[in-house]
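This report refers to the structure that appears directly beneath it.
All figures in this text were calculated on a predicted structure; none of them were measured in a lab. Quick note on labels: first sequence line is chain A, next is B, and so on, each numbered from 1.
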Amino acid sequence: MPDSYTLVRALSACSQLRDLGAGDWIHKYVVDIGMGRNGFVNTSLVDMYAKCGSMEKARALFEEMPEKDIVTWGAIIQGYAANGLPKEALEIFQRMQKQSLRPDCYVIVGVLSACARLGALQLGESASSMMDRNEFLSNPVMGTALVDMYAKCGKMVVAWEVFTDMKEKDIIIFNAVISGLAMTGHVKAAFSCFGLVQKCGLKPDGNTFLGLLCGCTHAGLVDDGRCYFYAMSHLYCLDPTIEHYGSMVDLLARAGLLDEAHRTILSMPMKANAIVWGALLGGCRLHRDTQLAEHVLKQLIELEPWNSGNYVLLSNIYSANQKWDESENIRSLMNKKGIQKVRGYSWIEIDGVVHEFLVGDTAHPMSENIYAKLMELTKELRAAGYVPTTEFVLFDIEEEEKEHFLGCHSEKLALAFGLISTKSNVVIRIVKNLRVCGDCHTAFKLISKITCREIIVRDTNRFHHFMDGSCSCRDYW
DNA sequence: GGGCCTGTGT
């Protein structure tokens, strides 16, 4: 009969292989042989389910466990954080604290990673204060989690301080700080940091170059991007992955070099995925090339037939070109397939609580006050000469909803809530799951001026730091 | 002799 040691090792193998079938089988077996109450085995099972991406099963087992120790809590928290469910990770963490359990460094790492995704600065800071600062500075994993949390929350200066104080720096923490600098617009600093990597005798890896390319993209530095892309394979013997190609396509397409971007896709040694084509589509949008966009969208519909956005955009383009029949065909194809749209949502953290908003959301307890604030803002915006823009019609999926949800995109709701819930000198931080919409971007710039507030919005790929009527992205995103 | 940790393109 296997003992608990054997079972733990076998489950660890399942975790590493992401083999849910084998893991399930062992779970049943564990119960059959009466080992279902062993803490080590149960924690291994929780971790196995988490690693296999089945958080429902991990959670069910976790809830059944009569005795959970700190490792069990760490496994479930980390599981939620790693599976893109940061809110759940924080909820479990708060439950853990109510039981007066002291977090260990594994728990803290999971919590910081969740806070980074949510942009929850206050929670991240209070979690990190539960540990001795030296723990962060001497443990590269913890240090990296902290640096990443600060960077993703827009506190790049603090992230940098932690980074410089680290006793030992490995390539992973360098990557975290390089991509942090890139995301927050400190591109030259990211480049210098790459110099430091070599000075420290470290070997850059693929992620180092992803960070650098990402920085080039945000700053529109096409030549630098081409250089790094060339250097990575020719000087550092790293094979570019599809992620690197995607980044290059993005860089070229944003800069208006649509042809070169398209040729890059066609020359890739691997089959292009939806992300790569999506980067080219973004360029078509930015530079208003509907002809190429039509071609790209056809590729995208083939690659991801369930994605509503592609159908909507293609049908918009057909309408704009008076191809009414084709436009209608696309719409009915979409209906026939029962395709649902992805909805945009935004988060804002107020006093350690993360609030979530959907487009046109009225579920929030403060909803009435939020909409009143929005009305007030809209009036002030109009007075300041703002006209809701229809310029993005062709390329904005959310456009057709705009009439019904005038001014009610999730980021605007989060902003209105932030404005009424904080003192006038507090910086407002919002996180969005999609790109910030063009109209909201214009409105936010003006709102930052009217209200004299700093507003930081992190969308899917970059920071928008609004201050005194302008944005750090210089309208290039 | 055992179980939980960081970065990563749209």
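The 12-atom threshold is not exceeded at CZ of A:R9, counting heavy atoms of other residues, nucleotides or ligands nearer than 6.0 Å. Remark: A:E168 CD is loosely packed, at most 12 non-hydrogen atoms of other residues, nucleotides or ligands lying under 6.0 Å away. Remark: A:K155 NZ is loosely packed, at most 12 non-hydrogen atoms of other residues, nucleotides or ligands lying under 6.0 Å away. In this structure, A:K167 places its NZ atom where more than 12 heavy-atom neighbours from other residues, nucleotides or ligands lie under 6.0 Å away.
For the segment residues 33-47 of chain A, the set of residues with a heavy atom within less than 4.0 Å of an atom of DNA chain B comprises A:G39, A:F40, A:T43, A:S44, A:D47, in numerical order. Near-neighbour residues of DNA chain B inside residues 239-246 of chain A, defined by a heavy atom below 4.0 Å, number-ordered: A:I242, A:E243. Within residues 203-213 of chain A, the residues that have a heavy atom under 4.0 Å from DNA chain B are, in order of number, A:D205, A:N207, A:L210. Residues from residues 133-143 of chain A placing a heavy atom under 4.0 Å of any atom in DNA chain B, listed by number, are A:P140, A:V141. Listed by residue number, the members of residues 90-118 of chain A with any heavy atom below 4.0 angstrom from DNA chain B are A:D104, A:Y106, A:V109.
Between A:L11 and A:I26, the shortest heavy-atom distance links the atoms CD2-CG2, 3.8 Å. Nearest heavy atom pair, residue A:R117 against residue A:A82, reads NH2-O, 4.3 Å. Taking all atoms of both residues into account, the shortest heavy-atom contact from A:N139 to A:C105 is ND2-SG, 4.5 Å.
Of the candidate nucleotides B:dT10, B:dG3, B:dG9, B:dT10 has the atom lying nearest to any side-chain atom of A:A279. You'll find that the side chain of A:H218 is closest to B:dT10, out of B:dG1, B:dT10, B:dC4. Of the candidate nucleotides B:dT6, B:dG3, B:dC5, B:dG3 has the atom lying nearest to any side-chain atom of A:V71. The nucleotide whose nearest atom lies closest to any side-chain atom of A:A145 is, among B:dG9, B:dT6, B:dG3, B:dT6.
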Between A:Y49 and A:H27, is the ring-ring contact (aromatic ring centres under 6.0 Å, His included) condition met? List the steps.
CA-CA 10 Å; A:Y49 281 126; A:H27 188 180; 5.5 Å; yes
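Remark: A:K152 is in phosphate contact with B:dT8, judged by side-chain N or O atoms under 4.0 Å from OP1 or OP2.
Atom P of nucleotide B:dT8 and atom CZ of A:F174 are separated by 16 Å, given to the nearest angstrom. Computed from coordinates, the A:L280 CG to B:dG9 P distance equals 19 Å when rounded to whole Å. Atoms CD1 (A:I76) and P (B:dC5) sit 13 Å apart, rounded to a whole Å. For the pair A:D3 CG and B:dG1 C1', the interatomic distance rounds to 9 Å; values are reported in whole Å. In this structure, the NZ atom of A:K432 is 16 Å from the P atom of B:dT10, given to the nearest Å. Per the geometry, CE belonging to A:M270 stands 12 Å off C1' belonging to B:dG9, to the nearest Å. Note: CG (A:N83) to P (B:dC5) measures 12 Å, nearest angstrom. The interatomic distance linking A:L300 (CG) with B:dT10 (P) rounds to 15 Å, in whole Å.
Each of A:N310, A:D289, A:L314, A:L281 was evaluated against A:V296; a single residue qualifies, A:L281, per the side-chain contact (heavy atoms from CB on, under 4.5 Å) test. Each of A:Y230, A:F194, A:Y245 was checked for a ring-ring contact (aromatic ring centres under 6.0 Å, His included) with A:F209, and the lone residue meeting it is A:F194.
Between A:W73 and A:F62, the angle of the ring planes goes over 60°, which puts this pair in the perpendicular group of the 30/60° scheme.
Ion pairing between A:E63 and A:R59 holds under the 4.0 Å rule for side-chain N and carboxylate O. The pair A:K298-A:E302 does not meet the salt-bridge criterion, since no charged nitrogen lies less than 4.0 angstrom from a carboxylate oxygen. Of the charged side-chain nitrogens involved, at least one lies within less than 4.0 Å of a carboxylate oxygen, so that A:D250 and A:R254 count as a salt-bridged pair. Using a 4.0 Å cut-off between charged side-chain N and carboxylate O, A:E260 and A:R226 make a salt bridge.
Between the side chain of A:S4 and the base of B:dG2, a donor-acceptor pair under 3.5 Å is found.
Looking at heavy atoms from C-beta onward, A:Y311 lies out of side-chain contact with A:R331 at the 4.5 angstrom threshold.
Heavy atoms of A:K68 sit nowhere under 4.0 angstrom from any nucleic acid atom.
Listed by chain and number, the residues in a side chain to side chain contact (heavy atoms under 4.5 Å, CB included) with A:S15 are A:D47, A:M48, A:K51 (sequence neighbours excluded).
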